[in-house]
Amino acid sequence: MVFLRKKLVNGKPYWYIVESARVDGKVKTIFQVYLGSAEKILEMKRQCESLPYDKLRSFDYGKLAALLHVNEELGFIDIVNKHTDKKLIDGLSVGEYLLLDVIGKSHGVLSENGIEEWFKKSPLAFMWKFPHKLNCQNFLNQMNYVDLDTMKKIVDDLCRVLVGKGLTPSIMFVDESNWFTYANNYDDESELLHKGYNKKHRKDKNQICVSLAVNEDNIPFIHETYPGNVHDSEEFSGIVDKIINRLTELNICSEDLVLVFDKGNNSKDNIEKVTSKMSFVGSAKTNQAEELLDVPLSKYECLYKNSKGNKIFGYRTKHQFYGAEYTTVITYNEGTYKLQKSTYETNKSRIIDSLEDLQRRLESSKGKERNRSSVEREVAGIILKKCNSVIKYEIIDALEGKNFPQLKFWIDEENEKKCEKTFGKNVLFTDKQKWQTKKIVKTYNSKNLVEDDFKLLNDHLLVPVGPVYHHKDENIRVHVFLAMAGLLFYRYLAWETKMYGFSLKKLIEKLSEIKIAVVQEKESKKSKIIVEEMDTKQASLFSFLNMEKYLPY
């Protein structure tokens with residue numbers, strides 16, 4: 001229930017709009033807005049009466065206009081239309097359809113089925129007029145114009161535009177991720193849809209994998225959609241080939257490029273392939289340089305402080321990896337050490353408690369009879385993979401008169417010490433022998449650029465890859481391509497507006513708050529569109545991105 005409430009402050013009455021509701025059987029105030037004194041309320045009423053118009057409806061405008069701006073900067077629609085062969089008919093072009101898909105997904109529309117409903121509520125309904133509906137089938141029809149070769153040509157042209165704007169890559173960061181899908185793969189008719197290790201732990205679902213390469217400005221240059229059952233290290237060779245081919249087409253010498261990747265991509269063949277064409281900074285497993293972990297911290301030098309204020313230390317030497325000697329840096333981060341130590345102790349305590357509980361249940365011999373394999377499965381579910389070398393166990397067959405096998409477990413202290421030596425440390429290796437230690441470490445740690453991109457690709461309000469409902473490989477590839485196009489739009493926008501000092505999240509927040517309103521003039525009863533009130537930063541963005549240009553007059 002909403003009502004007016006009067007409060008006396010220093011003997012003077014002030015008015016509030018109050019909403020009350022019954023909570024746990026009691027009436028409580030759940031909403032309150034201060035209106036002011038009676039004189040102020042009267043003044044507000046007179047001001048409203050003097051306004052030349054009445055507000056009819058508001059629309060989100062800032063993010064939409066910013067994406068339309070990036071479309072023009074990159075020439076996205078024109079590039080898509082250039083490479084798609086569609087007859088001239090009334091309605092949207094393939095490029096406009098794909099742009100609409102990108103913009104719709106960035107406004108929280110998770111499938112093509114919902115774009116028409118969103119479109120009707122957006123300012124685009126004033127701006128784009130066409131005779132057909134925006135149903136799912138129409139979007140699928142447009143996807144049919146975009147095959148693998150067409151996607152390559154589109155991305156080639158977009159990369160040419162980026163290089164022309166000064167975004168030539170000198171460092172590329174590579175990483176891989178995966179998404180589960182809601183599509184089944186019957187009789188292996190799909191190349192992409194397969195089960196594999198899923199990062200969301202959905203082993204019951206088919207998945208697709210995606211590799212991504214971005215430059216030092218976090219601009220995506222290359223991506224590849226590949227089968228869900230292919231290991232990252234197997235795909236890595238293919239993404240290296242694509243990088244080399246892309247650079248060749250852009251007349252960029254690959255020997256000048258530094259590739260940055262994590263240990264999941266390591267193999268002798270992969271390292272040799274990379275070093276034959278370019279330089280690299282990578283990481284190795286700690287067991288590949290165990291003797292270096294024994295170097296005392298007193299021999300490490302302080303390199304720099306990271307964004308969290310933690311000091312990053314490094315010890316530089318030479319070491320053999322995959323049959324060749326490389327410049328090697330063991331890094332140490334005390335903040336990471338404390339976090340990993342705490343996580344390890346928590347997991348260890350939980351595992352021991354669970355094993356002790358299982359041990360008690362087995363010793364009680366109560367309940368349904370159990371065999372060795374069932375106990376083995378339960379123990380395997382308790383002990384985390386990372387703790388296998390530290391927490392050892394033995395299952396003893398059931399003794400005569402007992403229903404259950406017995407369990408013994410213990411801590412391998414030698415392996416625990418080895419494990420603790422790795423906390424807070426990372427093993428980096430590179431062929432950039434002349435680089436300073438600080439530059440090597442900072443370059444590798446900048447790998448979080450591509451990791452952050454995968455976080456964006458999981459954000460339902462930005463450029464989501466998931467959920468994936470398509471079951472045809474060609475449609476899945478276009479679906480991922482459009483998500484990557486959206487990622488490119490946002491990263492280019494962040495690069496273009498970097499002088500404002502906003503994080504991408506803050507930039508999107510500022511843009512999302514820019515709204516337009518349809519108003520009606522009181523005298524003429526004519527409708528028009530106005531921009532609602534903005535703060536100074538928003539007004540500056542509005543001007544810098546020339547957002548007035550897209551207002552639907």
Side-chain angles (χ1 to χ4, degrees), residues 55-80 91-130 133-134 139 142 158 456-457 459-464 482-497 500 502-519 527-535 537-553:
K55 183 175 176 179
L56 300 180
R57 188 176 174 187
S58 286
F59 296 89
D60 293 336
Y61 180 71
K63 192 160 67 168
L64 167 65
L67 294 175
L68 291 175
H69 164 80
V70 175
N71 164 67
E72 289 196 356
E73 285 285 303
L74 301 180
F76 179 79
I77 288 178
D78 292 337
I79 289 174
V80 172
L92 300 177
S93 66
V94 177
E96 287 169 327
Y97 260 110
L98 298 192
L99 177 62
L100 188 55
D101 191 288
V102 170
I103 294 175
K105 297 287 178 59
S106 73
H107 284 76
V109 182
L110 297 183
S111 72
E112 284 75 16
N113 278 324
I115 289 182
E116 182 168 29
E117 183 179 350
W118 165 81
F119 179 86
K120 291 176 180 177
K121 297 176 181 178
S122 80
L124 281 178
F126 299 111
M127 303 159 65
W128 291 6
K129 300 293 183 181
F130 41 86
K133 293 185 176 181
L134 295 174
F139 278 97
Q142 308 310 309
L158 288 171
L456 290 183
L457 292 166
D459 192 327
H460 287 174
L461 295 178
L462 288 174
V463 284
L482 291 174
M484 293 298 172
L487 177 63
L488 170 59
F489 275 43
Y490 277 118
R491 286 307 186 191
Y492 179 85
L493 185 64
W495 172 78
E496 193 180 21
T497 59
Y500 290 94
F502 291 139
S503 65
L504 181 59
K505 182 178 179 181
K506 187 65 176 179
L507 174 64
I508 299 305
E509 181 183 308
K510 285 289 184 182
L511 290 171
S512 298
E513 291 171 353
I514 297 176
K515 300 180 183 297
I516 59 175
V518 177
V519 299
S527 297
K528 67 176 183 178
I529 291 174
I530 63 168
V531 181
E532 295 188 10
E533 185 177 1
M534 299 181 285
D535 63 29
K537 289 286 188 181
Q538 289 168 330
S540 181
L541 282 169
F542 192 91
S543 175
F544 178 74
L545 299 175
N546 196 18
M547 293 164 69
E548 184 179 11
K549 177 179 180 180
Y550 309 103
L551 283 173
Y553 290 107

When you measure from the side chain of Tyr500 to the backbone of Ser540, do you find a donor-acceptor pair of N or O atoms at a distance under 3.5 Å?
yes
So Leu99 and Leu67, side-chain contact (heavy atoms from CB on, under 4.5 Å) or not? Walk me through it.
CA-CA 9 Å; Leu99 177 62; Leu67 294 175; 5.8 Å; no
Indicate yes or no: at least one non-hydrogen side-chain atom of Ile103 is less than 4.5 angstrom from one of Ile115.
no
Is a side-chain N or O of Glu532 found less than 3.5 angstrom from the main chain of Lys515, in a donor-acceptor match?
no
Rounded at 0.5 Å granularity, tell me how far NZ in Lys120 sits from CG in Leu134.
8.5 Å
For residues Leu482 and Val102, report the shortest heavy-atom separation together with the two atoms involved.
O-CG2, 3.7 Å
To the nearest 0.5 Å, atom NZ of Lys505 lies from atom CG of Leu456 at 11.0 Å
His69 side chain reached by Glu496 side chain, heavy atoms, under 4.5 Å
yes
Looking only at heavy atoms, which two atoms of Leu457 and Met484 are closest? And how far apart?
CD1-CE, 3.6 Å
Does the side chain of Leu68 reach to within under 4.5 Å of the side chain of Lys549, using non-hydrogen atoms?
no
Considering residues, nucleotides and ligands other than Glu117, do more than 12 of their heavy atoms fall under 6.0 Å from its CD?
no
Is Glu96 reaching over with its side chain to a backbone N or O of Ser93, donor-acceptor style, under 3.5 angstrom?
yes
Spell out, as yes or no, whether a donor-acceptor pair under 3.5 Å connects the side chain of Asn71 to the backbone of Ile77.
yes
Would Ile529 and Tyr61 count as a side-chain contact (heavy atoms from CB on, under 4.5 Å) here? Give the steps.
CA-CA 11 Å; Ile529 291 174; Tyr61 180 71; over 6 Å; no
Measure across Val463 and Ala483 and return the closest heavy-atom pair with its distance rounded to 0.1 Å.
CB-O, 3.8 Å
What's the shortest heavy-atom distance between Met547 and Leu541, and which atoms?
SD-O, 3.9 Å
Between Phe76 and Val80, is any pair of side-chain heavy atoms under 4.5 Å apart?
yes
Determine, stepwise, if the pair Leu92 / Gln142 fulfils side-chain contact (heavy atoms from CB on, under 4.5 Å).
CA-CA 10 Å; Leu92 300 177; Gln142 308 310 309; over 6 Å; no
Just so I know, are the side chains of Ile530 and Ile516 near enough to count as touching, which here means a heavy-atom distance under 4.5 Å?
no
Kindly indicate, with the supporting measurements, whether the criterion side-chain contact (heavy atoms from CB on, under 4.5 Å) is fulfilled by Phe542 and Ile514.
CA-CA 9 Å; Phe542 192 91; Ile514 297 176; 4.2 Å; yes
For the residue pair Leu545 and Tyr550, what are the closest heavy atoms and their distance?
O-CE1, 4.4 Å
In terms of heavy-atom contacts, Phe59 and Pro123 come closest through CB-CG, 3.7 Å
Answer yes or no: is there a side-chain heavy-atom contact under 4.5 Å between Asp60 and Glu513?
no
Any donor-acceptor pair under 3.5 Å from Tyr490 side chain to Ala485 backbone
no
Between the main-chain N or O of Ser106 and the side-chain N or O of Lys63, is there a donor-acceptor pair closer than 3.5 Å?
yes
Note, Phe502 side chain near Ile508 side chain (heavy atom, < 4.5 Å)
no
Would you indicate whether the side-chain heavy atoms of Val531 and Leu551 approach each other to under 4.5 Å?
yes
Do you know which of Phe139, Phe130, Tyr97 makes ring pair (Phe, Tyr, Trp, His ring centres under 6.0 Å) with Phe119?
Phe130
